[in-house]
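Here's the structure, in structure tokens; my notes come after.
Any value given below was found using the heavy atoms of this structure, including those in side chains, with hydrogens, waters and symmetry copies removed. Order of the sequence lines sets the chain letters (A, B, ...), proteins ahead of strands, with each chain counted from 1.
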2 protein chains.
Amino acid sequence: MTEFELIARYFARPVHERQGVGDDCALIDAGERTLAITTDLLAEGVHFFRDVDPASLGHKALAVNLSDLAAAGARPRCFLLALSLPPPRADPAWLEAFSGALFELAGREGCELVGGDTTRAAAVGAADGPVTVCITAIGEVERATLRGRSGARAGDDLWVSGELGDAALALAHARGEVRLGPQQARDCERRLLWPQPRVGLGLALRGLASAAIDISDGLVGDLGQVLERSGVGADVQVPQVPRSEALRAVERTLQLRCLLAGGDDYELLFTASPSHREAIFAAAQHSGIGITRIGSLTKESGLRLLGESGIDATLRGFDHFAGTCQGPPSFDPTRRT
Amino acid sequence: MTEFELIARYFARPVHERQGVGDDCALIDAGERTLAITTDLLAEGVHFFRDVDPASLGHKALAVNLSDLAAAGARPRCFLLALSLPPPRADPAWLEAFSGALFELAGREGCELVGGDTTRAAAVGAADGPVTVCITAIGEVERATLRGRSGARAGDDLWVSGELGDAALALAHARGEVRLGPQQARDCERRLLWPQPRVGLGLALRGLASAAIDISDGLVGDLGQVLERSGVGADVQVPQVPRSEALRAVERTLQLRCLLAGGDDYELLFTASPSHREAIFAAAQHSGIGITRIGSLTKESGLRLLGESGIDATLRGFDHFAGTCQGPPSFDPTRRT
């Protein structure tokens with residue numbers, strides 16, 4: 001059973017709220033405002049290593065939630081933190097580093113901590129229990145500029161922000177699958193451990209993007225979500241997908257895996273009418289984040305990866321319950337060329 | 001370091017929102033509405049056993065959050081679910097039982113699941129990783145009837161709903177500290193595993209209760225929170241604290257420990273002016289939940305447990321990081337008689 005199947009089978013129910021399970025954020029109306037709400041749980045051994053720098057964990061736990069708000073075009077407002085810690089980790093040095101980085105990002109993005117829950121993680125056998133961090137972030141969206149994963153239309157341009165694949169490259173380096181130079185290794189590790197949520201860009205794209213998602217599970221998997229929810233297909237020009245010099249230098253199979261299915265990018269993938277191209281470049285410039293047009297949407301369903309021959313058909317996003325790389329359930333790898 | 005000290009030192013910052021860290025719910029204004037938001041994390045080995053009935057876990061994970069909304073007098077609206085599951089537990093029988101009970105309570109209380117996150121729990125050594133459930137619930141409060149932990153006044157009556165101590169008695173039975181008859185054991189276990197959030201009573205008390213809290217860490221610890229935040233003291237008539245026949249029948253030391261410091265009661269503790277007594281009885285009758293007046297608030301600070309001699313001065317609420325029973329930091333046990 002994949003994560004998508006698990007959610008679809010056991011947890012997806014019709015809702016009266018504006019937008020429910022399956023998008024980056026839930027949307028609920030409160031008077032004349034609409035609130036975007038998102039939750040992400042980071043678990044030791046899955047999302048971070050046991051010896052993680054607590055500062056990067058504090059930063060990343062909030063950053064991945066702000067990235068969801070960015071996709072929704074929401075302005076961050078406040079968040080709640082639930083933290084399960086084994087008692088040996090509840091020491092001043094760990095907590096100072098964790099909370100310091102958390103509050104630094106929160107302050108920069110204008111997002112206040114308003115509540116939470118702390119609990120001891122029970123030991124598992126002779127080992128300390130795992131650290132678990134669950135943050136719920138709340139933002140505000142203007143009702144006129146609401147967007148989710150389902151608004152993409154055939155003919156729209158397909159865009160991404162920043163560069164993809166460096167976080168996955170850092171993991172490959174840590175696993176010894178590739179050997180990077182010291183500076184490149186540090187740069188890539190920074191992308192993995194200190195992702196920068198594209199909040200300003202997400203806001204600047206209000207009224208321009210027809211759909212958006214943040215790339216957390218890899219370009220192919222997350223794009224598949226948009227295509228499925230919007231009922232369209234896509235042609236992606238693989239050579240145009242932006243990547244760092246470090247990633248360009250590694251061998252082709254690993255390069256394409258990191259680029260297309262790497263995960264942990266926390267860049268924005270968005271769609272927009274070609275008539276908005278100039279406005280979109282202006283919005284990106286205003287927010288200081290580079291963007292690249294990587295393809296276009298088609299009436300014909302399916303995702304076509306063009307410009308590279310022989311791309312591994314198993315390239316997909318990471319799936320927690322398949323324990324491997326998987327696409328969404330209705331995503332058809334046979335459609336790719 | 002206690003849980004209260006940990007929160008105060010590392011996570012409590014002044015906020016612009018209406019109410020932040022330290023109450024049952026955060027309160028945020030959205031147009032003419034005020035939203036109450038709360039999050040609770042339930043961790044295996046701390047809040048439930050590894051062989052927990054998944055149906056009771058699904059119920060309880062939502063119930064403890066709805067109990068926080070009840071304390072705030074909020075009408076439940078929607079919730080987000082983050083679930084970390086070891087792959088062996090992600091089987092249809094477990095998930096059907098968990099989600100079935102979750103949605104049954106959600107449906108009964110009019111609270112929709114609108115979003116979430118599912119992740120695999122990594123193995124710890126040779127053992128499965130622990131199940132972790134984190135729910136964030138959102139409710140609506142009328143601004144005119146907002147209440148928290150800080151509104152109690154000297155002279156107010158002190159009330160509790162239902163009966164206290166049976167959940168703790170079930171734990172004592174499971175640990176072999178006491179031997180209950182089969183029917184009593186089942187009744188107490190039901191209180192531990194299937195707590196019923198007092199949402200209807202919480203709503204009925206709008207405009208009547210001056211402060212309220214749900215009793216999750218034991219009467220003495222949670223009352224201490226209200227007293228400290230409100231700057232008042234209390235006289236509690238211990239013989240009047242309501243308890244079941246099962247709890248009445250066990251020996252005095254264990255009985256008082258379960259009753260006053262047991263935790264997991266999920267009853268409401270609230271304060272109100274004596275002028276509201278008739279209206280409060282009517283509200284309770286309307287919501288179908290019994291209530292009992294157990295004491296009154298005093299100008300003199302401190303908590304006095306009256307009517308029983310020689311109560312153990314270490315009776316306090318459960319603290320996760322002290323790993324033992326602890327009161328809030330400024331709570332002075334020497335004031336008790």
Would you mind telling me which of A/Thr34, A/Leu35, A/Val124 has the largest number of heavy-atom pairs within less than 4.5 Å of chain B? A/Val124

Counting heavy-atom pairs under 4.5 angstrom with chain A, the leader among B/Ala82, B/Ala43, B/Gly125 is B/Ala82

Would you indicate whether A/Arg75, at its atom CZ, is surrounded by more than 12 heavy atoms from other residues, nucleotides or ligands within a distance under 6.0 Å? no

Heavy-atom contact with chain A under 4.5 Å, split by part of B/Glu112: side chain

Spacing of SG belonging to B/Cys134 relative to CG belonging to A/Leu83, to within rounding of 0.5 Å: 10.5 Å

Using a 4.5 Å heavy-atom cutoff, which residues in residues 94-108 of chain B come close to chain A? B/Leu95, B/Glu96, B/Phe98, B/Ser99, B/Leu102, B/Phe103

Looking at B/Asp91, B/Asp29, B/Asp128, which has the largest count of heavy-atom pairs under 4.5 Å with chain A? B/Asp29

Minimum side-chain heavy-atom gap B/Ile37-A/Val114 below 4.5 Å: no

Gap between atom CZ of B/Phe11 and atom OG1 of A/Thr118 - 0.5 Å precision: 8.0 Å

Sequence neighbours left out, what passes side chain to side chain donor-acceptor pair (under 3.5 Å) with B/Arg77? Give chain and number order. A/Glu17, B/Glu140

Any side chain to side chain donor-acceptor pair (under 3.5 Å) pairs touching residues 130-139 of chain A, not counting sequence neighbours? A/Thr39-A/Thr136, A/Thr136-B/Thr136

Looking only at A/Ala126, A/Pro92, A/Ala12, the option with the highest number of non-hydrogen pairs under 4.5 Å against chain B is A/Pro92

B/Glu44 and A/Ala122 have their tightest heavy-atom pair at O-CB, 3.7 Å

Pairwise side chain to side chain donor-acceptor pair (under 3.5 Å) hits with a residue in residues 60-69 of chain B, at least two apart: B/Thr38-B/Asp68, B/Lys60-B/Asp264, B/Ser67-B/Asp214

Over all heavy atoms of both residues, which pair between B/Ser84 and A/Leu41 is shortest? Give the atoms and the distance, please. CB-CD2, 3.8 Å

